[in-house]
Amino acid sequence: MVIAYLRVSTNKQHLNNQKEEIEKFASRKGLVIDRWVKEVVSGKKKEKDRELGKLIKRIKKGDILIVTEISRLSRSLLDIMSILGVLLEEGVLLYSTKDGYEFDDSISSQIMAFAFGLAAQIEHKLISQRTKEALAVRKASGMKLGRAKGDNYKQQRLAHNKEKILEMQAQGYTTKSICRYFNISRDTFYAFKKNGGLK
């Protein structure tokens, strides 16, 4: 099966350019796209929480996955490496049309994957190092690190909307629907309730 994966970060962007690019590539390669997977989501979001995650779970040996750029898989090199690792292990051929990459079970692909992996590890260490250095500078200047006790945005929002919550409960709204309305988890709601927020 030949699968094309398209992703943009916001509704203001369009998938058409990616689609046209992949159609031209498939035509040159003599491939027919069997399935299009499209989504509007940030590449920072983990692949398991996206349509991409569902796709990777169902993909099989011999399948072909086409993207316009490797960065469509994720914005993080570490995540890209994880995805590439799964695809190579499953025997899936990955084409990246603009980058010109072709990942399969060949030695050259494995070397390229190793290079990506090394770059990902270096990136991870550099980010970690920069974070530690920045925190050390802040600490040395006397700045308190971390969130102040009781400084919880969601709890504050619930406190500001206490009357609305009580009104909703009186109207028979369930805890689930209240949580959905305020875009919070049940744990957050119950913590607010336990701390006397609704007394």
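In what follows, every heavy atom counts, from backbone to side chain, and hydrogens, waters and symmetry copies are set aside. Owing to the predicted nature of the structure, the values given are computational and were not obtained by experimental measurement.
- No side-chain heavy atom of L65 sits less than 4.5 Å from a side-chain heavy atom of L93.
- Formation of a donor-acceptor pair under 3.5 Å by the R7 side chain with backbone atoms of V41 is found in this model.
- A donor-acceptor pair under 3.5 Å links the side-chain atoms of D34 to the main chain of V2, judged by distance alone.
- When atom types are taken as modelled, the side chain of D63 and the backbone of V92 share no donor-acceptor pair closer than 3.5 angstrom.
- In this structure the side chain of V8 reaches within 4.5 angstrom of the side chain of Q18, judged on heavy atoms.
- In this structure the side chain of R50 reaches within 4.5 angstrom of the side chain of S74, judged on heavy atoms.
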With side chain to side chain contact (heavy atoms under 4.5 Å, CB included) as the test, would you mind laying out the steps for T175 and Y190 before giving the verdict?
CA-CA 9 Å; T175 298; Y190 289 134; 3.8 Å; yes
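- Defined by atom type and a distance below 3.5 Å, a donor-acceptor pair is missing between the side-chain atoms of R35 and Y5.
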Could you give me the CA-CA distance, side-chain angles and deciding distance for E51 and L55, then say whether side chain to side chain contact (heavy atoms under 4.5 Å, CB included) is met?
CA-CA 6 Å; E51 287 300 316; L55 170 63; over 6 Å; no
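- Between F103 and L87 there is no side-chain heavy-atom pair separated by less than 4.5 Å.
- When the shell of 6.0 Å around CD of E89 is examined, it contains 12 or fewer heavy atoms from other residues, nucleotides or ligands.
- Contact check for K132 versus L135: no side-chain heavy atoms found under the 4.5 Å cut-off.
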Dump the intermediate steps for side chain to side chain contact (heavy atoms under 4.5 Å, CB included) on E21 and K98, then the final yes or no.
CA-CA 8 Å; E21 170 80 20; K98 286 185 180 178; 3.8 Å; yes
Applying side chain to side chain contact (heavy atoms under 4.5 Å, CB included), run through L158 and I184 and close with a yes or a no.
CA-CA 9 Å; L158 290 175; I184 58 168; 3.7 Å; yes
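- From I64, atom CD1 reaches atom CG of L31 across 5.0 Å, with rounding to the nearest 0.5 Å.
- To the nearest 0.5 angstrom, L73 atom CG is 11.5 Å from M81 atom CE.
- Here the side chains of D104 and L88 are not in contact, with every heavy-atom distance at 4.5 Å or above.
- Between Y95 and F25, the distance separating the two ring centers is shorter than 6.0 angstrom.
- Side chains of L6 and K19 form a contact here, defined as non-hydrogen atoms less than 4.5 Å apart.
- Between the CZ atom of F192 and the OG1 atom of T188 there is a distance of 11.5 Å, given to the nearest 0.5 Å.
- With a 4.5 Å cut-off on side-chain heavy atoms, V67 and L94 count as touching.
- Using a distance-only test at 3.5 Å, with no hydrogens or angles considered, a donor-acceptor pair links the side chain of E39 to the main chain of L52.
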